[in-house]
Amino acid sequence: MGNFENDSIDQNQLAQYLKEGISMQDLINLKKAFISLDTDADGLIEYDVNKLTELDKYHLVVLEGNKKVKINENQFMNIIKLI
């Protein structure tokens with residue numbers, strides 16, 4: 001996991017995910033979490049498809065053969081926003 005500074009995170013980009021009950025600091029922390037889960041720094045995180053529900057709701061694509069989905073940052077933030 002890298003050394004994250006709030007200054008290196010574009011708060012304007014995160015503003016679209018603001019909603020009641022979620023502060024900018026919460027979004028910054030979520031962005032940091034996404035970055036830490038993106039182990040190969042390709043802008044996507046892999047997740048076991050067996051642990052996900054309602055795949056169609058989030059427009060996630062199951063990768064052939066390995067039972068994994070790749071989730072980009074926008075999908076990640078939108079899923080978290082629904083919680």
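As the structure is a computational prediction, the values presented were derived from the model and not from experiment. Start at 1 with the first residue, then count along the sequence.
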Measuring from atom CG of Asp10 to atom CD1 of Ile28, what distance do you get when rounded to the nearest 0.5 angstrom?
10.0 Å

All ring pair (Phe, Tyr, Trp, His ring centres under 6.0 Å) counterparts of Phe76, not counting sequence neighbours:
Phe34

In this structure, CE of Met24 is separated from CG of Leu18 (nearest 0.5 Å) by 4.5 Å

For the atom pair CD1 (Ile9) and CG (Asn29), what is the distance rounded to the nearest 0.5 Å?
8.0 Å

With sequence neighbours left out, the residues meeting side chain to side chain contact (heavy atoms under 4.5 Å, CB included) with Ser23 are Gln25, Asp26

Which residues pass the side chain to side chain donor-acceptor pair (under 3.5 Å) test with Asn74, sequence neighbours left out?
Tyr17, Asn78

side-chain contact (heavy atoms from CB on, under 4.5 Å) between Gln13 and Glu73, worked out:
CA-CA 11 Å; Gln13 179 189 23; Glu73 181 183 333; 4.0 Å; yes

Going from CG on Leu37 to CD1 on Ile45, what distance comes out if it is rounded to the nearest 0.5 angstrom?
5.0 Å

Sequence neighbours excluded, which residues qualify as side chain to side chain contact (heavy atoms under 4.5 Å, CB included) partners of Asp42?
Asp38, Asp40, Leu44, Lys70

State the CG-CE distance between Leu30 and Met77, to the nearest 0.5 angstrom.
5.0 Å

